[in-house]
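Chain A is the first sequence line, chain B the second, and so forth, proteins listed ahead of strands; every chain is numbered from 1.
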Number of protein chains: 2
Amino acid sequence: MTSNQPLFRALADPTRRDILLMLRGTDMTIAQVADNFDMTRAAVKKHLTVLSDGGLITVRTQGRERYNTLNPSAFAPIRDWLGFFDAFWDDRLSDLKSAIEKDTK
Amino acid sequence: MTSNQPLFRALADPTRRDILLMLRGTDMTIAQVADNFDMTRAAVKKHLTVLSDGGLITVRTQGRERYNTLNPSAFAPIRDWLGFFDAFWDDRLSDLKSAIEKDTK
DNA sequence: TTGACGTGATACCATTTGGTATCATATCAA
DNA sequence: TTGATATGATACCAAATGGTATCACGTCAA
C-alpha cells in the first residue's frame, strides 16, 4: 500500500492550501505565486516542492519559466481515506435504525 | 470563517491517522490506545490532545479513566474544502465536453 | 555580447514538533 | 489507610519545518 504521508503533509500548511486554491483554473510561475504572499520567492518555492512531492501539482518548464499546474486527481487518496469513516458512520446509523425499529415494535 | 488549521494539522501525522482508524467503533482509554504503539503513553497522550484540538475526538471521563471517542462529523470541513476543487474539475470536464461537441459539428 | 530576469541550490536560523523521563494527583481495591 | 493504577503536567532533547540571505546558472531581449 502506497504511503500517502507526503499528500497529507502537503495539505497541513495554510500557505500551501492557499496556493492550491490559487492554482484552480490558472497555471502560474513561481514568481507569480510568490507575488501573492508576503514571503520570499525561495520560501514559496519550497512550498511548491512539498506540493509537488505530494503529487498535488505538476511542473512544466517553458523557457526560463516554470509553470505550476494543479492536479485535482491527487485528492483521490484523501477521499478514499475519508471513506473509511463513512463506513463507520453508516454502522452507527444502522444501529440507530435498528434501535428505532425495535422501539416502535 | 472558522480556521480549520487544527483539523488539517491533526491529520498530518501518521500515528494520529492510525489512532482515528483505531477508534472506529470502539472508544478507548489513553492506556489502551498507547498499547498499540511503540511509544510512551505521554507521547500518545500528546497526539490525542492534537486530535482533540482538531475536533476529531471527544473525551469522556469515567472514574480515573478517560475514554476517547471518534467524532466522524469533524471530517465535514475537509470534504467541504475538497469540494472547491470538484468545481474546478467539473469546469474542466465541461470544457472538454464543449470542445468535443464543437468538434463533432 | 551583455545585462536583466526567472529559477535552482545551499547555508543558515528560529520555532515547532514528536518524543522521553520524571514527578504530582486522583481514583480504585483490598 | 495503603498501595497499585490511570492520568496530568512539566522539563528537556533531537529532528523537522518554515523562513531568510546569497550565489550560481540558464534564458531572453536589446
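The shortest distance between the side-chain N/O atoms of Arg9(B) and the OP1/OP2 oxygens of dT17(C) is below 4.0 Å. Note on Thr40(B): a side-chain N or O is less than 4.0 Å away from OP1 or OP2 of dT20(C). The phosphate of dG8(D) (OP1 or OP2) has a side-chain N or O of Arg66(B) nearer than 4.0 angstrom. Remark: Thr29(A) is not in phosphate contact with dG6(C), judged by side-chain N or O atoms under 4.0 Å from OP1 or OP2. When the side-chain nitrogen and oxygen atoms of His47(A) are compared with OP1 and OP2 of dT17(D), none of them lie within a distance under 4.0 Å.
At a cut-off of 3.5 angstrom, counting only N and O atoms as typed in the model, there is a donor on one side and an acceptor on the other between the side-chain of Lys46(B) and the base of dG19(C). A donor-acceptor contact under 3.5 Å is not formed by the side chain of Arg16(A) with the base of dG18(D).
Atom P of nucleotide dA4(C) and atom CZ of Arg64(A) are separated by 12 Å, given to the nearest angstrom. For Asp13(B) and dA15(D), the CG to P distance is 17 Å, given to the nearest whole Å. With rounding to whole Å, Gln32(A) atom CD is found 10 Å from dG6(C) atom P. Per the geometry, CG belonging to Asp35(B) stands 12 Å off C1' belonging to dA6(D), to the nearest Å. Between the P atom of dC13(D) and the CE atom of Met39(B) lies a distance of 21 Å, rounded to the nearest Å. At whole-Å resolution of the value, CD1 in Ile19(A) and C1' in dG18(D) are 12 Å apart. Here dA6(D) presents its C1' atom at 11 Å from OH of Tyr67(B), a figure rounded to the nearest Å. The interatomic distance linking Lys45(B) (NZ) with dG8(D) (P) rounds to 4 Å, in whole Å.
Along DNA chain D, the nucleotide nearest to Ala12(A) and the one nearest to Ile30(B) differ in position, and the one closer to the 5' end is contacted by Ile30(B). With the nearest nucleotide of DNA chain C identified for both Ala31(A) and Arg41(B), Ala31(A) has the one nearer the 5' end.
Under a hydrophobic-cluster definition in which Ile, Leu, Val, Met, Phe, Trp and Tyr are linked whenever side-chain heavy atoms come within less than 4.5 Å, directly or via other members, Leu11(B) and Trp81(B) are assigned to the same cluster. Phe37(B) and Leu51(B) fall within a single hydrophobic cluster, where Ile, Leu, Val, Met, Phe, Trp and Tyr side chains are chained together by heavy-atom contacts under 4.5 Å. Under the 4.5 Å side-chain heavy-atom criterion for ILVMFWY residues, no single connected hydrophobic cluster contains both Leu56(B) and Val59(B).
The shortest side-chain heavy-atom distance between Val50(A) and Asp13(A) does not fall under the 4.5 Å cut-off. Residues Leu70(A) and Leu20(A) meet the side-chain proximity criterion, which asks for heavy atoms closer than 4.5 Å.
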